[in-house]
Number of protein chains: 2
Amino acid sequence: MQDPDTPHARGAAAAVIPAAAPGEGSPRLDRRRILGSAVEIIDRDGLRALTMRRLGAHLGVEAMAIYHHVPGREALLDGIVEVVVDELYGDPEVHLVSSDWARYLHELAHGVRRIALAHPQVFPLVATRPSAATWVRPPLRSLRWIDGFLLTLRQCGFSDRAATDAYQAFNSFLVGHLLLEVSQQGADIGPVDDPDPGKPRRSDLADYPLLAELAPQLAQDRSAEEFEETLQALIERLAADRAAGSTPAGPAIG
Amino acid sequence: MQDPDTPHARGAAAAVIPAAAPGEGSPRLDRRRILGSAVEIIDRDGLRALTMRRLGAHLGVEAMAIYHHVPGREALLDGIVEVVVDELYGDPEVHLVSSDWARYLHELAHGVRRIALAHPQVFPLVATRPSAATWVRPPLRSLRWIDGFLLTLRQCGFSDRAATDAYQAFNSFLVGHLLLEVSQQGADIGPVDDPDPGKPRRSDLADYPLLAELAPQLAQDRSAEEFEETLQALIERLAADRAAGSTPAGPAIG
DNA sequence: ACCTGAACACCGTTCAAGT
DNA sequence: ACCTGAACACCGTTCAAGT
């Protein structure tokens, strides 16, 4: 249980001066500042380090002050997910709509991947938090992006059904791949308290000679290539669905 | 904050008689009984309802007694994941190895899906808990199954690389699809405290006419079909990779 | 050997009180 | 209008004590 307490404001009994942006005059609390600090804490110390009390301290404020801007911890987590997902808007390489659907899916997929890799400890939250409606699926869980997605595909000749199916398949792909990719690079859900979380002992592996032989290869990080290949395969599949269009599988009447 | 306290043993100040299997004589505590109760609690009330104290009460024991059989809460969660994933062994429709790899992947995928649907509240844990080694990927995270998987594919003519790639792609597919499927059917990560988690208001949807139009279609549950289709596409892709075999993309030397 | 009671250091959250 | 102090009902976990 060492808690090195990284050299932030806290060590000395310093005056209560919240770290405000240098040029900005107002260290006052607001939702944006709260959510920003929360993301910082998770990025640095993991989800379990995010406590109302610790968040307050990080903001130079008592924990209870937070409740004036955010209804509670659950709402805080929802806000974090929203803020992180909305980083997509700031990505100059991703456009909200496009006339080239395949290129659009490429851009979007890489944009989401950049977010996941920038916030590996937040991404499990993005993937697992229940969303507003059941048909809003992570990670593309903002109404505006869902709309842009469907608009783009419909403009490009997808039927309604093909477009909505594509939305679901695209999200499944992103969640599946990115969740495993961030977890692979040490994203703990929770704090890093555990020095050695019990990696398979050699003796365990001894029971599975093939596994022991292939373990080094399994350990290779081919995430980037796999992402590209699976994305490409998905796009090809969607292209086929699009071409099939509104042609069902043969005459069903009769 | 209503807590109806479902009509289980608890209401009346009953004698401390732990619920033991009728025929079984020993209500003594052991790891298996603890993990079983823990899964029951999560299945019924969600992950956040699983508390050392509540688990103890459910077992007819003080919370501290649990620590004699399980090192702590983290280990408890790991054990839960293990127990649930190991239900695969009890599934008569899933074999550990096979000489027909495509059929094998079908069986395995459906076996894992049955588990996810049987324990929708546990599956996010299966998907997000850090595993022993980085190369052990959820949901197929038991060494024995990984070994069986690789053995089957190698026996069926997959190269080492194609087999390990297939393991990773297969797991990504399962996590992505099943996580969204269980979350879609109301799997809360956390308790059901929130009566209405804020579904998109009509006014929000008014800003996105296309979305409003397609929402009913997005809300349709096509999980089963999608699972089948994506699985089939994955298998076809793996078949192509297998056929490509050890033939790299042209001469790289020179 | 196994379980309990009491305690400790933390949580999220409330509410009246301060400014 | 915004923040604080003190309190409440919970947590996970420890440890000496009981049987």
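Side-chain N/O atoms of B/H68 and base N/O atoms of C/dC3 include a donor-acceptor pair closer than 3.5 Å.
Rounded to whole Å, atom C1' of C/dT13 lies 13 Å from atom CD of A/E74. Between the OH atom of B/Y67 and the P atom of D/dC15 there is a distance of 13 Å, rounded to whole Å. Between the CG atom of A/L59 and the C1' atom of D/dC3 there is a distance of 13 Å, rounded to whole Å. Remark: C1' of D/dA1 and CD1 of A/I66 are 18 Å apart, rounded to the nearest angstrom. Atom CD1 in A/I41 sits about 15 Å away from atom C1' in C/dC11, given to the nearest Å. A straight line from CE of A/M64 to C1' of C/dG18 spans 15 Å, rounded to a whole angstrom. Atom pair B/E62:CD and D/dT19:C1' shows a separation of 15 Å (rounding to whole Å applied).
At the heavy-atom level, A/M52 lies under 4.0 Å from the strands shown only through sugar-phosphate atoms.
As the counterpart of C/dA9, no nucleotide is assigned, since no Watson-Crick or G-U wobble pattern has both distances under 3.5 Å. Under the Watson-Crick or G-U wobble criterion, with both distances below 3.5 Å, D/dT4 is paired with C/dA16.
Looking at the side chain of A/A65, the nearest of the listed nucleotides D/dT4, C/dG12, D/dG12 is D/dT4.
Heavy-atom nearest nucleotides on DNA chain C were determined for B/R53 and for B/L29, and the one closer to the 5' end corresponds to B/L29.
Formation of a donor-acceptor pair under 3.5 Å by the A/Y208 side chain with backbone atoms of B/G148 is not found in this model.
Between D/dC11 and B/R48, no contact under 4.0 Å exists linking OP1 or OP2 to a side-chain N or O. Side-chain N/O atoms of B/R28 include none lying less than 4.0 angstrom from OP1 or OP2 on C/dA1. Side-chain nitrogen and oxygen atoms of A/R73 include none within less than 4.0 Å of the OP1 or OP2 phosphate oxygen of C/dT13. OP1 or OP2 of D/dC3 has at least one side-chain nitrogen or oxygen of A/H69 nearer than 4.0 Å.
When every heavy atom of A/P124 is checked against every heavy atom of A/L179, the shortest pair comes out as CA-CD1, 3.8 Å.
B/Q217 and A/T164 share a side-chain donor-acceptor pair at under 3.5 Å. If you check the side chains of B/Q184 and A/R137, you find a donor sitting under 3.5 Å from an acceptor.
Results of the side-chain contact (heavy atoms from CB on, under 4.5 Å) test with B/L35 over B/R31, B/R32, B/R33 single out B/R31 as the only residue that passes.
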